[in-house]
Student: 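Once you've had a glance at the structure underneath, I'll fire off some questions.
Chain A is the first sequence line, chain B the second, and so forth, proteins listed ahead of strands; every chain is numbered from 1.
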Number of protein chains: 2
Amino acid sequence: MRDSRHESPNPVEKLAPKAVVGRVSLYLRQLEAFRAQGQVTISSNQIGTALGINDAQVRKDLAFFGQFGHPGVGYRIDELLTALRRILGIDRDWPMALIGLGNLGRALLKYRGFGDRGFNIAALFDNDQTKVGMRFNDLVVHPLDDLPKVIADKNICLAILTVPAEAAQRVADQVVACGILGILNFAPMPLNLPPTVGVVAVDLSVQLEHLAYKVLNTQGGISYLGSTFRDEHDSLE
Amino acid sequence: MRDSRHESPNPVEKLAPKAVVGRVSLYLRQLEAFRAQGQVTISSNQIGTALGINDAQVRKDLAFFGQFGHPGVGYRIDELLTALRRILGIDRDWPMALIGLGNLGRALLKYRGFGDRGFNIAALFDNDQTKVGMRFNDLVVHPLDDLPKVIADKNICLAILTVPAEAAQRVADQVVACGILGILNFAPMPLNLPPTVGVVAVDLSVQLEHLAYKVLNTQGGISYLGSTFRDEHDSLE
DNA sequence: TAGATTGTTAATCGATTAACAATC
DNA sequence: TAGATTGTTAATCGATTAACAATC
């Protein structure tokens, strides 16, 4: 009974913490930069220094996924690049569906930055009748009813959601029903989906709120901005 | 000597951890949703349940900034909304400069979603001669040389950076020299700036890489995607 | 009053850093 | 070999959760 379970080729012991994966993306970029300068090997200390990260952290993050280094030598850049690309899954193409052709959606469509890493938008969807049939970047806008057919035809497994907040959950349910495995959600609305679907949320106003908070609470800038702060009514203690 | 130090109106004991501020933004949205449904008070448990967060965490996060609740009653929604808006700094207007009118920049310009929370783009900059002088949304594109003048005139203290990676550090230095206090950085490039300047980075390809990683390492979806994974050369235990 | 819910302290859990034997 | 640097264990630090007296 027990060996009916299908062995995954690289043993997925457990999912790396979010923070680790984020740093691995940074290591990847930093390695590309070092390679562009002609460097061949690199130490955890060099990577860490360049990114403001502790060298033990760099080694531990990498060790999470396997043994990539050479004691006394460091990491061979080409080797590590290949390994990290494979770990992150960007050693392949990822055709994506872009759903919602409002301003943000159209911008993401034109944005270069994705394609570099194998992510490319392969199909467009919108429910707005005035948009269906329009062409952007050689791609025609489909109605959402076409999701099942187009997703299957183009072998799409990721979706970018740039629809209004009210529509987000409904559209997400639709794409999941078509077998989509991951969603990059730009709608300011948390999605409730089965755990088998990967979701990454990008909420731009949350980011701006964080920035405003930082600016107001960082020494130096507060003084001349603090003017509105006076009419506290209830500051007991 | 010692009382020459200027007392800040709300005592900034220490900066809240990033995670706390992020959750406060979520609480804010959730409170707005509950209020729209006509609710007047709310418990930490209700907030937490709606967002998938432990109730003790909700109380602790809020308690970080002061006492907003009423034992036995919960939180009065209007009161808490006002307090949270003030804490996050969105109880005011934030005129912003948008620098870089490539695709992403132009999209952010048209994107609604910012203005709701007091963030509004008040000036445009680009160094591309073909763009300088163009108009978008009633705003004319200035060359970067105009930064000092325009920023002072319009009382701008935040900048959105949507310039190419190569230009990011240089442009960031320029805006900081003009007295900008916070930067929302979309360039895939960590900025090296004085600690008095608030920086929030939004790297879209980092997000996509994380999504790809999740999709590949989540039970269920891997099987038919894992085909490229075979030629490992060095998997020694 | 009894029931509900806060703010906060103590206990747990997880993530970061320091230290070092093993290795090239 | 001596010096450098890894992978990993142990120590530290911080963040999350449980528990509960204080309060309405």
Student: Should D:dC24 form a Watson-Crick or G-U wobble pair with both distances under 3.5 Å, which nucleotide is its partner?
Tutor: C:dG3
Student: Roughly how far, to the nearest 0.5 Å, is the OG1 atom of A:T82 from the CZ atom of A:F68?
Tutor: 10.5 Å
Student: So, is B:Q46 close to the C:dT5 phosphate, meaning a side-chain N or O under 4.0 Å from OP1 or OP2?
Tutor: no
Student: Does A:E32 pair with A:R85 as a salt bridge, N-O distance under 4.0 Å?
Tutor: yes
Student: Hey, which of these two, B:H70 or A:P17, hits DNA chain C nearer its 5' end, going by closest nucleotide?
Tutor: B:H70
Student: Identify, between A:V73 and A:A56, the residue whose nearest nucleotide on DNA chain C lies closer to the 5' end.
Tutor: A:A56
Student: Check this for me, if you would: do A:R86 and A:E79 make a salt bridge, where the nitrogen-to-carboxylate-oxygen distance has to be below 4.0 angstrom?
Tutor: no
Student: Does D:dT5 have OP1 or OP2 under 4.0 Å away from a side-chain N or O of A:N45?
Tutor: no
Student: Over 60° means perpendicular and under 30° means parallel, so classify the ring planes of A:Y213 and A:H210, tilted if in between.
Tutor: tilted
Student: Round to a whole Å and report the spacing from NZ of B:K60 to C1' of C:dT12.
Tutor: 12 Å
Student: Whole-Å distance between D:dT5 P and A:L80 CG?
Tutor: 15 Å
Student: When you measure from the side-chain N and O atoms of B:Q57 to the phosphate of D:dT16, is any distance below 4.0 Å, counting only OP1 and OP2?
Tutor: yes
Student: For the pair made of CG in A:D55 and P in C:dA18, what is the distance, rounded to whole Å?
Tutor: 8 Å
Student: Starting from C1' on D:dA4, measure out to CZ on A:R76 and report it in whole angstrom.
Tutor: 14 Å
Student: Tell me whether the OP1 or OP2 atom of D:dT6 has a side-chain N or O from A:S44 closer than 4.0 Å.
Tutor: yes
Student: Would you kindly give the CD1-to-C1' distance between B:I53 and D:dA18, to the nearest whole Å?
Tutor: 17 Å
Student: Check every atom of C:dT16, D:dC24, D:dT5 against the side chain of A:P71 and return the nucleotide holding the closest atom.
Tutor: D:dT5
Student: Round to the nearest Å and state the distance from A:N54 atom CG to C:dA15 atom P.
Tutor: 16 Å
Student: Quick check on C:dA4: is either OP1 or OP2 less than 4.0 Å from any side-chain nitrogen or oxygen of B:Y75?
Tutor: no
Student: Do A:S205 and B:F119 have side-chain heavy atoms sitting under 4.5 Å apart?
Tutor: no
Student: D:dT16, C:dT6, D:dT8: which one has an atom nearest the side-chain heavy atoms of B:A19?
Tutor: D:dT16
Student: Among C:dT16, D:dT16, C:dT6, which nucleotide has an atom closest to any side-chain atom of A:R23?
Tutor: C:dT16
Student: At under 4.0 Å, does any side-chain N or O of A:R59 touch on OP1 or OP2 of C:dT17?
Tutor: no
Student: Taking atom P of C:dG7 as reference, at what distance in whole Å does atom CD1 of B:I47 sit?
Tutor: 10 Å
